K.L.:
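Pasting a structure here, questions to come.
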Amino acid sequence: MQLMEGEKEQILSCVDEVLSNSTKEKEDLIPILQKVQAKLGYLPVLAMEKIAEGTDVPAADVYGLATFYNQFRLNPPGDHEVKVCLGTACYMVGGDITLESFERRMEIKEGETTSDRRYSLERVACVGCCTMAPVVVVDDEVEGKVTPTRVDGIMLELEGKSDKSDAKDSSNGSKNTGNKDDSDKEEGERI
Amino acid sequence: MSELVKITIDDREIEARAGEKLLWTALENDIYIPHLCAIKDEKRPNASCRLCFVEIEGVDHPVTACTRKVEEGMVVKTRSPHLDRLVKTGFELLLSDHDLKCAKCAANKSCALQTIAKERGLKLRQKRFKLIERDYKIDDSPAEFAYNRSRCVLCGQCVWADREEAKVGAIGFTQRGVNRAVTTFEDIPLADSICTECHLCVDACPVGALYYKSDLK
Ligand code: SF4
Ligand code: SF4
Ligand code: FES
Ligand code: FES
């Protein structure tokens, strides 16, 4: 994920501050990651590197922790956050197909953010309204019975909405990013 | 030095050092117990492969030999229908997401999985569990060796070598569940990481996951 202007300085000062208020011991690693994420919204690579340096823990282990716990995210939240429920009820009625539809539309994989940071896509496990399965949470609004056709509708609505922050220019549509090997994803048809 | 005691393994009386982990005592005495994750110098073993189960008289459940310390008078069994079943299940679970292509594997004929199969009369294939096909991209960025994640059994031998012998910290366990893997920071190719290519991890790998390119014919 490409850093935005000024983001690097922001990350460095955030990590500095969190580290200076911690014991810098290995045991403190999870709280450190939590605090940094609370401030930055996610755990940028640079932050993980600096935390590793500061705590004298191999960066590979910081990465191991960050990828082990669901609460940590490696990509920034998008202007519009979409969370697809894959709890039992939603999964049974095709939540995975709903997720795939979003992945295709956004051209990213679950857990990633488009490079213009307009959309981020996550999976969640039961949001508590199973009767409406398959459920999707779009910017904190719960949507029920989200079929692939409805996914198109949701995306259209989101495309119409302006960015939450006008600071960014989203001229070059959504291109995929993320740190996984997803570049060869085919342009498959919508179901 | 620790005191010498007498224990019995599979009806054989053995002189052993008290406090040593049972697995190593057995292996030293040519009694084979399947194992992948045990590391002799590790104080608190991971005991993650679940293959080294034994029965001890007076203990009402099977225990892992890599964690159990030798005690005077211990009576140990390495085989029983229950134990064999446990080991078979553990072994089959390992194979269920393993890219089983021995003929095309650098570890063919020197592989710990093949040894376990041979020693325990197990088949190197399984049908009980749903196959999880893994076809991760092979990382062949280092000059002399490569890493095929689809053959990794998550034993942790390479991570130990990287940390305790090479003292580098280039690789570690990441992700969880079926995605659990040994990777570099950010999952980048080894050659782009802080890896020094000392290849101690390759020497430590008991299967064909980390291998020398020259061993691949
Ligand atoms: S690692 Fe062992 S079991 Fe797996 S393919 Fe290679 S030789 Fe066969
Ligand atoms: S790469 Fe080899 S040594 Fe490392 S965890 Fe996998 S199987 Fe074990
Ligand atoms: S399983 Fe999706 S809301 Fe309960
Ligand atoms: S060797 Fe004992 S659990 Fe792996």
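On a predicted model such as this, the values are computed, not experimentally measured, just so you know.
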K.L.:
If the contact rule is any heavy atom under 4.5 Å from chain A, which residues of residues 160-169 of chain B qualify, in numerical order?
P.N.:
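Answer by number: B/Arg163, B/Gly169.
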
K.L.:
Would you say that more than 12 heavy atoms from the other residues, nucleotides or ligands in this model lie under 6.0 Å from the CZ of B/Phe129, or not?
P.N.:
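Yes, enclosed.
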
K.L.:
Check side-chain contact (heavy atoms from CB on, under 4.5 Å) between A/Lys8 and all other residues, then give those that pass, not counting sequence neighbours.
P.N.:
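Partners of A/Lys8 under the side-chain contact (heavy atoms from CB on, under 4.5 Å) test: A/Leu3, A/Leu12, A/Leu46.
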
K.L.:
Check whether more than 12 heavy atoms from other residues, nucleotides or ligands sit under 6.0 Å from atom CD of A/Gln71, and answer yes or no.
P.N.:
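Yes - once you tally the heavy atoms of other residues, nucleotides and ligands closer than 6.0 Å, there are more than 12.
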
K.L.:
Kindly determine whether B/Phe185 and A/Met48 satisfy side chain to side chain contact (heavy atoms under 4.5 Å, CB included), including the steps that lead there.
P.N.:
CA-CA 9 Å; B/Phe185 176 62; A/Met48 289 191 282; 3.8 Å; yes

K.L.:
Does atom NZ of B/Lys213 have more than 12 heavy-atom neighbours from other groups under 6.0 Å away?
P.N.:
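Atom NZ in B/Lys213 is crowded, with more than 12 foreign heavy atoms closer than 6.0 Å.
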
K.L.:
If I compare all heavy atoms of B/Thr183 with all of A/Tyr63, which pair ends up nearest, and what's the gap?
P.N.:
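Residues B/Thr183 and A/Tyr63, closest heavy atoms: OG1-CE2, 3.8 Å.
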
K.L.:
Using heavy atoms and a sub-4.5 Å threshold, report which of residues 27-43 of chain A line up against chain B, by residue number.
P.N.:
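Listed by number, there are no contacting residues, so the answer is none.
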
K.L.:
Main chain of A/Gly64, side chain of B/Thr174: is a donor-acceptor contact present, judged purely on distance under 3.5 Å?
P.N.:
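Checking the backbone N and O of A/Gly64 against the side chain of B/Thr174, no donor-acceptor pair under 3.5 Å is found.
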
K.L.:
Is atom NZ of B/Lys40 surrounded by more than 12 heavy atoms (other residues, nucleotides or ligands) closer than 6.0 Å?
P.N.:
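Yes, enclosed.
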
K.L.:
Does CG in A/Asp140 sit with more than 12 non-hydrogen atoms of other residues, nucleotides or ligands closer than 6.0 Å?
P.N.:
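Open.
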
K.L.:
Side-chain contact test, heavy atoms from C-beta onward, threshold under 4.5 Å: evaluate it for A/Asn70 versus B/Arg176 and give yes or no.
P.N.:
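Yes; the side chains approach each other to less than 4.5 Å.
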
K.L.:
Just to verify, what does B/Ser80 make a side chain to side chain donor-acceptor pair (under 3.5 Å) with, not counting sequence neighbours?
P.N.:
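Partners of B/Ser80 by the side chain to side chain donor-acceptor pair (under 3.5 Å) criterion, ordered by chain and then number, come out as B/Glu55.
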
K.L.:
Look at atom CZ of B/Arg79 and say whether more than 12 heavy atoms of other residues, nucleotides or ligands are closer to it than 6.0 Å.
P.N.:
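Buried by this count: over 12 neighbours within 6.0 Å.
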
K.L.:
Return yes when atom NZ of B/Lys21 has more than 12 non-hydrogen atoms of other residues, nucleotides or ligands closer than 6.0 Å, and no otherwise.
P.N.:
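Buried by this count: over 12 neighbours within 6.0 Å.
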
K.L.:
Counting only non-hydrogen atoms closer than 4.5 Å, does B/Ala181 touch chain A with its backbone (N, CA, C, O), its side chain (CB onward), both, or neither?
P.N.:
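For B/Ala181, there is no contact with chain A at all, as no heavy atom is under 4.5 Å.
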
K.L.:
Within a reach of under 6.0 Å around CZ of B/Phe53, are more than 12 heavy atoms found that belong to other residues, nucleotides or ligands?
P.N.:
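Yes.
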
K.L.:
If you compare all heavy atoms of B/Ala170 against all heavy atoms of A/Ala60, which two are closest, and at what distance to 0.1 Å?
P.N.:
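Taking B/Ala170 first and A/Ala60 second, the nearest heavy atoms are O-CB, 3.9 Å.
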
